[in-house]
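Take a look at the structure below.
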8 protein chains.
Amino acid sequence: MKVAIVMGSRSDLPIMEESAVILKQFGLPFEMHVLSAHRSPDELAHFSKTARDDGFCVIIAGAGMAAHLPGVIASNTCVPVIGVPIDASSLGGIDALLAMVQMPPGVPVATVGIGKAGAKNAALLAVQILAGSNIALQEKLENYRDNMKRTVLQADREIKTP
Amino acid sequence: MKVAIVMGSRSDLPIMEESAVILKQFGLPFEMHVLSAHRSPDELAHFSKTARDDGFCVIIAGAGMAAHLPGVIASNTCVPVIGVPIDASSLGGIDALLAMVQMPPGVPVATVGIGKAGAKNAALLAVQILAGSNIALQEKLENYRDNMKRTVLQADREIKTP
Amino acid sequence: MKVAIVMGSRSDLPIMEESAVILKQFGLPFEMHVLSAHRSPDELAHFSKTARDDGFCVIIAGAGMAAHLPGVIASNTCVPVIGVPIDASSLGGIDALLAMVQMPPGVPVATVGIGKAGAKNAALLAVQILAGSNIALQEKLENYRDNMKRTVLQADREIKTP
Amino acid sequence: MKVAIVMGSRSDLPIMEESAVILKQFGLPFEMHVLSAHRSPDELAHFSKTARDDGFCVIIAGAGMAAHLPGVIASNTCVPVIGVPIDASSLGGIDALLAMVQMPPGVPVATVGIGKAGAKNAALLAVQILAGSNIALQEKLENYRDNMKRTVLQADREIKTP
Amino acid sequence: MKVAIVMGSRSDLPIMEESAVILKQFGLPFEMHVLSAHRSPDELAHFSKTARDDGFCVIIAGAGMAAHLPGVIASNTCVPVIGVPIDASSLGGIDALLAMVQMPPGVPVATVGIGKAGAKNAALLAVQILAGSNIALQEKLENYRDNMKRTVLQADREIKTP
Amino acid sequence: MKVAIVMGSRSDLPIMEESAVILKQFGLPFEMHVLSAHRSPDELAHFSKTARDDGFCVIIAGAGMAAHLPGVIASNTCVPVIGVPIDASSLGGIDALLAMVQMPPGVPVATVGIGKAGAKNAALLAVQILAGSNIALQEKLENYRDNMKRTVLQADREIKTP
Amino acid sequence: MKVAIVMGSRSDLPIMEESAVILKQFGLPFEMHVLSAHRSPDELAHFSKTARDDGFCVIIAGAGMAAHLPGVIASNTCVPVIGVPIDASSLGGIDALLAMVQMPPGVPVATVGIGKAGAKNAALLAVQILAGSNIALQEKLENYRDNMKRTVLQADREIKTP
Amino acid sequence: MKVAIVMGSRSDLPIMEESAVILKQFGLPFEMHVLSAHRSPDELAHFSKTARDDGFCVIIAGAGMAAHLPGVIASNTCVPVIGVPIDASSLGGIDALLAMVQMPPGVPVATVGIGKAGAKNAALLAVQILAGSNIALQEKLENYRDNMKRTVLQADREIKTP
């Protein structure tokens, strides 16, 4: 029950670390990889094809610009692939978002939001997927949600009287 | 191991049927629901909160315009939610796409492409998620992919000589 | 005759304070709340359903990204809801704008501009709504407009001769 | 307690009739006007300045392209103005939306969605505003919402078993 | 043969000064005004209606956001109006551009580019318009173009050998 | 006092005829030309350089896609150039609009709206430019505006009572 | 000196035939292929890696949506790849354009316009590339350009007198 | 076998130097030029028409805003033209991208990505084009790709164990 965090370039690490932080918090084993759809296509194809046998249950893939990384992985494996669009050009990440989410019928990529918020949500989505057959994870998720709620309610109490 | 296909309005059915066709093809039990984030908020919240206990392992939610449906479901359950943006306004569905994919950190929606291609991919993503603990499903997915490939190669053979 | 200023996250406060400044200036009682559509859905629904009985006549709701906050409030109350899209992602706030303004038929959100200008205008719109049955408020609004005009004319006098 | 429905051109009538249908349904008196910010500026200014004295409590203004109509009305009255962007060019209405919603600080326009859905919501927003001091209207609104919910639940019952 | 440079707010001055610099360079008399379509509508209408009699042959109008300024001026005079969209929101000025250029048929605004480049070009366009009946101005324009060309060719000579 | 209507392709004629109709209505002599920035660059440069000597006082240039036509003309003459973006691709004309209006500093193009409304406004702008030194044209413009206003007020009278 | 025309799906044929027509016109040998980045990744990689040895000097690749086809080919060969974005979703082809043109540094795709105009230009670009070492092709290109010019000038002669 | 790097303004040099670095790395002779489509049209036309005779085999052209430079060059020569859109306005370079890539049928521009990544890829594309008849260049390209791959794999080794 291992997760892969793949990024197209080392410069994507500050974004994709958000995924790692969440996975650690939930105690899920994971590996981080730098693999490029364009600069190391064979290695990426090999990684993708052996992913299930290598024990990966979910693959998180972050990339910017014409972000082909998650789609190329998804074309080589049936393991669920979560795409994180990264704001790496002057277009605010809309290029990466469209290049990920608009996959043609047959090969889905589960796309989340642009940048750090997306990277965090990608990991939480991975946890939710793995929690399907793992009641302990389900409880951790509920606790995580409870904590988020408590933070909101605490902020609400502090802000109420101007 | 049941999937829910939820749509915000009955008029979304021609799009969301694409999901149903795939789930049938893979032999996965599913239910279709019309539930609106804005017109039936209590029923939607109730559906979402009881989804896991009702046996739903993945929820596919399609909506157009300011498409809150998948996000609202996701805020009420830790079952994975897949969002299908629907082209239901004059903006080509970019409104629904952004209103789904740009979820704030903490509550992910696995967003797929706009319209019928997205609805089809949503169901395939659901199958991929459920196949994690089901080798028979994995094999069906591989077969599905093989068939897609064969269709492509057949088209390639037919088109080659102009 | 009380106004609520609700924001999805404490980090939205520097924007939403613009609303508070205006309401104070007009002497309107108001409450500020941090309530999230995604992290505290039950509390938000409860707040919305009891809003009228709690004396709220207008609700101003600011949020960024896939900004569901005003729409979710509006689905739970018939008190007028004013949405303030906040620029909280790399997309300049167009995500929040579309996620608010493109509400499906039946549940309107009165959307204003992105960011601080919008937050200020949201409060002025609230005053205009409440002034319908309050001649004193109408006079304050006319004075406010007169002051704005005077500032413009003063700037015009100072700038005229280059 | 009268509502004005103003449109910039007679060709906007098929959209703005959606507002009229709702106002009739709620039994609210209203007037329809064709007044152009660009072709009849004096008449529009006069209409706007006398709107409150003429008994208008809310003004709904629909226009397409560089849609100045609601903003120009709002600059001449403190009566709440609801803007309906109309898809009247090759840009899908995003031009009209931005030309309405991005009002500078000081003069708000309560903007709703593009086209027919927006026109319908504009009227419902007008009803919500007027219901603040009218319990009968509040009850009608609740009934309207109940009916919407019933339609959804009815569709849900019919769709459930594929 | 006087030009008016009108801006919606004093904060637009750093942009609109680019127009002033050009007009000075060409020796054209001009006046600068701060007049707001929304905060001083009567004064703006009055300015516009008397513009021709006051000796203005071209009006340059710069504004940001839902930029109604040039359109409102144009609706009140047949003197040519040049619109300068200003980047004054989080949307990069596309809001102001569309709110100016997409004028409905009947009342044109001659729109130039966003920001300083646009403000400079607005003044050059004003010179070109006035040069129609003024051979001295035509010669100045040709000289200005010659100087631009010389600057380019000078840069070309300096850059050629890497 | 002659106007040129230039289009990049014969297929643009149904749009650019809107300009011709207006010019005829105002009794202004004009010529129509098909000249392409990309397919007949020399002829276009020659046309542009001799435009003033050939008696053209204003040049209207309509083109679609990467619409270079008005910019290329403007780079070869100081006669005012009005650009009409044409919706000739799948992008709704936003490509042509940006390719015209965002001219670099030094060479302005007076850009109007996309399509037929723009073509009509281009001609009216040409009339306004030429009316600067022609009182008879000024009166025709005022009459034209009066007629527009009358049409609006007539529509207003007919629509008022639902 | 052979060209490949590759498309992601048989449904792209009506667009990509525009490329074939041009290549035939210039007498260039070519092959058409249906190969999908997502449905036949191995076959596509194999095709790309052997392209140069198979005699392909230029590869034209057309695809819609999250159009990875040209980028994936380019990552597997140093033969120049020309990308044709196809309008195959509700977004007008901007998704395919950005997914092609915004390639990360290191692996270029020569992107042309969306749809049929782009497919035609892709073939002309291929001819231009191959003409570098082929004077006969250069002459054919000059003739082609001359014919285009003649068509324009013919249209100009016919349109001139309204 | 010489390459030209043309830019519309000296201020584009920091972007276009990325092209020069690559060409040097591959040992390709090149010239840099500052030539503006709008400020030096004659010199640009002359440069373009004599480009082939002057020994240029590929022309790289970078420009921002309404970026006509590559299209104007392409209209005057059959030498392949590669366009680099530069982010030189408040719109993030989408203006320059559309003004380059959406060329009308007949005159292609091989467009690459916005900014530095695009400038680098433009030079690599030039190398790929010239490598068609140059096996030594093909080997250099393969080495360049191998080095890119090695960098990725090195990053992968270093990042793997968190």
Side-chain angles (χ1 to χ4, degrees), chain C residues 11-12 14-16 18 22 62-65 67 83-101 110-122 124-125 127-128 141-162, chain E residues 2-25 27-47 54 56 60 62-69 86-96 98-99 123:
Chain C
S11 61
D12 299 333
I15 302 297
M16 299 312 294
E18 298 284 323
I22 292 290
M65 305 180 76
V84 181
I86 293 180
D87 172 17
S89 74
S90 59
L91 297 180
I94 192 76
D95 45 1
L97 170 56
L98 294 178
M100 276 184 192
V101 78
T111 306
V112 292
I114 299 167
K116 289 192 174 185
K120 193 174 178 180
N121 274 349
L124 287 166
L125 183 58
V127 178
Q128 289 183 229
L141 277 167
E142 313 259 327
N143 287 341
Y144 185 85
R145 294 263 175 123
D146 278 351
N147 283 333
M148 288 202 307
K149 182 197 292 187
R150 260 193 291 274
T151 308
V152 169
L153 300 183
Q154 174 69 17
D156 186 40
R157 273 191 300 274
E158 290 171 14
I159 210 176
K160 216 174 287 181
T161 43
Chain E
K2 204 170 45 171
V3 175
I5 301 174
V6 188
M7 64 203 80
S9 152
R10 181 141 199 180
S11 61
D12 300 333
L13 187 57
I15 302 296
M16 299 313 294
E17 263 173 349
E18 299 282 324
S19 297
V21 167
I22 293 288
L23 294 179
K24 274 183 206 159
Q25 208 172 330
L28 277 181
F30 67 96
E31 279 181 30
M32 296 186 89
H33 286 279
V34 178
L35 282 168
S36 162
H38 302 117
R39 289 171 292 152
S40 61
D42 292 336
E43 288 73 13
L44 183 64
H46 180 259
F47 165 84
D54 289 346
F56 293 111
I60 297 171
M65 306 179 76
H68 300 180
L69 186 69
I86 293 180
D87 172 18
S89 74
S90 58
L91 297 180
I94 193 77
D95 44 2
L98 294 178

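Order of the sequence lines fixes the chain letters, A, B, ..., with proteins taken first and strands second; residue numbering starts at 1 for each chain.
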>> So which atom in C:Val152 and which in E:Ser36 form the shortest heavy-atom distance, rounded to 0.1 Å?
In response: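 Looking at all heavy atoms of both residues, the shortest contact is CG1-N, 3.9 Å.
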> Which atoms form the tightest heavy-atom contact between C:Gly92 and E:Ser90, and what is the distance?
Replying inline: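 So the two residues come closest at O-OG, 2.6 Å.
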>> Are the side chains of E:Arg39 and C:Thr151 in contact, using a 4.5 Å heavy-atom criterion?
In response: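 In short, these two side chains do not touch, never coming nearer than 4.5 Å.
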> Under the side chain to side chain contact (heavy atoms under 4.5 Å, CB included) criterion, do C:Ile159 and E:Met7 qualify, and how do the steps go?
Replying inline: CA-CA 10 Å; C:Ile159 210 176; E:Met7 64 203 80; 3.7 Å; yes
> For E:Ile5, is it the side chain, the backbone, both, or neither that has a heavy atom closer than 4.5 Å to a heavy atom of chain C?
Replying inline: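 E:Ile5 has no heavy atom closer than 4.5 Å to chain C.
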>> Can you tell me which portion of C:Ile114 sits under 4.5 Å from chain E's heavy atoms? Options are side chain, backbone, both or neither.
In response: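 When you check distances to chain E, only side chain atoms of C:Ile114 fall under 4.5 Å.
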> With only heavy atoms counted, which part of C:Leu97 is less than 4.5 Å from chain E, the side chain, the backbone, both or neither?
Replying inline: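 For C:Leu97, neither part sits under 4.5 Å from chain E.
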>> Using 0.5 Å steps for rounding, measure from the CG atom of E:Leu91 to the CD1 atom of C:Ile94.
In response: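 Going from the CG atom of E:Leu91 to the CD1 atom of C:Ile94 covers 5.0 Å.
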